[in-house]
**Q** 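The structure is given below, and queries will be raised subsequently.
Only a predicted model underlies this, so the values are computations on that prediction, with no experimental measurement involved. Each chain gets a letter, A, B and so on, in the order the sequences are listed, and its residues count up from 1.
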Amino acid sequence: MSAREAFRVAMQALLANRLRSALTTLGVLIGVMSVVLLVAIGQGARSEITGAIEGLGSNLLFVLPGDGDFGGGPRRSSFVLDDVERIDRELLGGGTRVAGYTIGSEALQADGERLTATVLAVTASYPAVLSRELARGQGLTESDVVTSRRVAVLGATTAETLFPGQDPIGRTMAIGGVRYRVIGVLARVGGGGSPFGPDQDRNVLVPITAGQRLFGTDRLDAIFVRAAATQTVDEDRAVVRRALEQRLDTEEFSVISQDEIIGVVGDILQILTLVLAAIAGISLLVGGVGVSNIMLVSVSERTREIGLRKALGARTRDITGQFLLEAIVLTGLGGAIGLVLGIAGAELVAAFAPVPAEVTGWSIALALGVSVAVGLVFGVLPARRAGQLDPVAALRRD
Amino acid sequence: MSVDDGPDGTPVLLEAIDVVRTYRLGRDVEVPALRGVSFRVDHGDYVAIVGSSGSGKSTLLNLLGVLDRPTSGQVRYDGRDVRELPDAELARLRNQRIGFVFQSFHLLPRLTALDNVILPLVYRPGSKRERRQRAEAALASVGLADRMAHRPGELSGGQQQRVAIARALVTEPALVLADEPTGNLDTTTGEDIMSLLESIQAEQDTALVVITHEPDIAHRAARTIELRDGVMADGSSP
Ligand SMILES: Nc1ncnc2c1ncn2[C@@H]1O[C@H](COP(=O)(O)OP(=O)(O)O)[C@@H](O)[C@H]1O
Ligand SMILES: [Mg+2]
């Protein structure tokens with residue numbers, strides 16, 4: 001039997017049981033749709049987060065506690081404020097290039113408004129090194145740090161929430177129950193607010209010394225070093241390392257470039273995406289079982305037809321191929337429609353939800369390939385059963 | 001002259017040599033349906049197979065139609081032993097050489113008369129147009145030129161059997177096997193169907209083997225084989 005003829009027969013058989021075919025297709029359709037949609041969301045998160053890190057500039061070095069093996073979980077930091085100065089002294093060239101912070105979450109209060117926000121206790125150099133710009137008022141100064149002055153610079157969203165419709169400059173507020181004076185507001189970064197990254201506009205900056213007292217620590221969580229240029233990243237990394245080795249063991253810190261961070265974070269999010277794909281794949285599997293089931297029913301219903309076709313000269317191959325094709329048409333159709341709906345769903349999510357979504361070529365190829373493969377795998381058993389029917393017994397069935 | 005050769009030296013169309021077919025039911029229950037049957041069918045032959053219900057007629061016809069293989073003995077087609085041919089070759093043999101007519105017609109209810117007749121042509125090479133033309137000619141030759149687009153449910157029993165006969169002869173087989181072709185029809189319609197089969201046998205030099213209950217029909221055949229409990233009764237002409 002020619003391929004075209006086989007396709008015609010398959011379509012005839014499927015159209016003869018429209019509702020059943022549609023419901024069977026639906027199972028595969030939902031599976032493929034969820035694979036495409038969830039992978040799109042995972043990929044969207046990945047490119048958004050790596051994009052945010054890239055936005056910091058390719059010449060930024062991150063000095064983090066621990067030996068760089070992120071699998072080991074968070075480490076207790078050994079960094080102190082002196083380390084920032086030590087690195088600054090060793091680095092050649094001028095300018096503000098080293099910053100440090102310690103981070104915590106505190107309750108904020110001003111007038112009647114309350115809010116819990118991320119408080120960054122930073123060196124005065126922090127906005128310059130991490131490219132945060134001031135919108136209004138003044139930034140933190142070296143003298144604020146030295147004297148542990150209780151002053152705060154608010155992120156744009158924090159300012160709007162605590163002082164709605166008012167000018168926050170000069171107002172007082174409480175951070176963790178301690179009174180602070182607002183001296184400035186940061187420019188809006190935007191793009192934040194996704195469930196996958198901290199919203200930089202919700203931060204509050206305070207002098208590192210005041211913040212350390214607030215958190216009850218003398219440590220820094222991280223140090224940032226802006227290399228003179230992208231080409232000098234490796235040189236500067238060596239300098240930073242040497243400076244810290246004067247005081248710390250090599251296992252106590254690691255100096256990581258932006259590329260490496262993107263690599264690690266990208267890997268983690270890639271795994272997240274694959275996990276999402278696997279979960280969606282389970283629904284595809286369930287759809288496949290449905291196909292198998294309905295094809296077995298179809299074979300049983302059409303036993304006499306199979307017997308007749310064999311009597312008229314159909315080979316085992318012809319019959320097996322015919323049923324296999326039927327299964328593949330079912331799943332392929334479900335795959336194609338599921339793909340279209342998955343892409344449409346991803347566009348909707350990207351447009352109307354704070355979740356990024358990005359349909360990638362590989363998820364499309366995967367979805368279509370897998371749906372055809374599901375047809376093959378789950379169609380084989382019923383198709384072989386059909387092909388191997390004994391024509392005499394099949395013809396006698398009524 | 002070998003055992004396979006007919007009087008004029010061409011191979012015999014079909015030969016059954018000491019054919020035994022035993023059905024196994026479960027582990028140790030055996031049903032001997034045929035217990036050693038030998039006869040031959042020549043080109044253009046007309047053979048009636050008679051016998052009471054359960055005597056082994058259908059079993060024999062399935063073996064002649066190579067839908068089944070004998071437990072022992074030989075069924076030889078064109079001099080070739082069926083037991084030595086692979087399944088795909090038997091399928092080809094059925095498609096090229098044999099036409100079946102069943103008691104219950106076995107038409108596919110979803111297909112039109114025309115598509116039912118086209119069915120065996122689908123399993124051989126050829127263009128769609130050519131298949132269509134052949135099927136139309138076959139339907140016309142059984143007097144159903146005006147019923148091609150009808151589905152089996154829209155046809156009478158006699159008309160359905162005519163469609164089935166058109167399907168059997170559209171491949172121009174050397175042998176038509178009919179298992180009680182008039183069993184589901186009234187007497188007059190049955191006569192018409194038998195006349196149709198006989199005219200095909202006579203005009204196209206097609207061998208015809210018919211299983212029947214009815215003595216009237218059996219008498220019209222050139223030869224009669226009577227089965228009794230899986231063996232040929234005396235008076236059968238092998
Ligand atoms: N598939 C089968 N399995 C077991 N026994 C069978 C089978 N087919 C036929 N038989 C038995 O073989 C004998 C001959 O059957 P069959 O050839 O159908 O007879 P007929 O067509 O002459 O009525 C019967 O006893 C029947 O019960
Ligand atoms: Mg019978």
**Q** Run the salt-bridge test on B:Glu89 and A:Arg315 with the 4.0 Å N-O cut-off and return the result as yes or no.
**A** no

**Q** Please report the interatomic distance CG(A:Asp390) to CG(B:Asp68), rounded to the nearest 0.5 Å.
**A**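 Rounded to the nearest 0.5 Å, the CG-CG separation comes to 6.5 Å.
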
**Q** Checking A:Gln388 against B:Asp87 for the side chain to side chain contact (heavy atoms under 4.5 Å, CB included) test, could you report, in this order, the C-alpha distance in whole Å, the side-chain angles of both residues, the deciding distance, and whether it holds?
**A** CA-CA 11 Å; A:Gln388 284 164 358; B:Asp87 281 350; over 6 Å; no

**Q** Evaluate the side-chain proximity of A:Leu312 to B:Arg167: yes if any heavy-atom separation is below 4.5 Å, no if none is.
**A** yes

**Q** Does any backbone or side-chain atom of B:Arg124 lie under 4.5 Å from a heavy atom of chain A? Answer side chain, backbone, both or neither.
**A**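 Neither part; nothing is under 4.5 Å.
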
**Q** Given that the side chain runs from C-beta out, which part of A:Glu5 has a heavy atom under 4.5 Å from chain B: side chain, backbone, both or neither?
**A**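 The answer is the side chain of A:Glu5.
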
**Q** Quick check on B:Arg69: does its CZ atom have over 12 non-hydrogen neighbours (other residues, nucleotides or ligands) under 6.0 Å away?
**A**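 Yes - once you tally the heavy atoms of other residues, nucleotides and ligands closer than 6.0 Å, there are more than 12.
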
**Q** Distance check, rounded to the nearest 0.5 Å: B:Ser104 atom OG versus A:Arg304 atom CZ?
**A** 5.0 Å

**Q** Got more than 12 heavy atoms from elsewhere within 6.0 Å of CZ, B:Arg228?
**A** no

**Q** Between A:Ala311 and B:Phe102, what is the shortest heavy-atom contact and its length?
**A** CB-CZ, 4.3 Å

**Q** Identify the residues of residues 91-101 of chain B whose heavy atoms come closer than 4.5 Å to a heavy atom of chain A, ordered by number, or report 'none'.
**A**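 Against chain A, the residues of residues 91-101 of chain B that fall inside the cut-off (heavy atoms, under 4.5 Å) are B:Ala91, B:Arg94, B:Asn95, B:Phe100.
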
**Q** For chain B, find which of A:Arg317, A:Glu305, A:Arg309, A:Arg302 contributes the most heavy-atom pairs closer than 4.5 angstrom.
**A**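 Heavy-atom pair counts peak at A:Arg309.
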
**Q** Is it true that, when you exclude B:Arg35 itself, more than 12 heavy atoms of the residues, nucleotides or ligands shown sit nearer than 6.0 Å to its CZ?
**A**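 Buried by this count: over 12 neighbours within 6.0 Å.
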
**Q** Is the number of heavy atoms from other residues, nucleotides or ligands under 6.0 Å of B:Arg134 CZ greater than 12?
**A**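 Enclosed.
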
**Q** Do B:Asn62 and A:Leu395 pass the side chain to side chain contact (heavy atoms under 4.5 Å, CB included) test, and can you show the C-alpha distance, the side-chain angles, and the key distance before you say yes or no?
**A** CA-CA 11 Å; B:Asn62 290 334; A:Leu395 277 171; over 6 Å; no

**Q** Checking heavy atoms, do the side chain of B:Leu111, its backbone, both or neither come under 4.5 Å from chain A?
**A**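 The answer is the side chain of B:Leu111.
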
**Q** From B:Phe105 CZ over to A:Leu308 CG, what is the distance, rounded to the nearest 0.5 angstrom?
**A** 13.5 Å

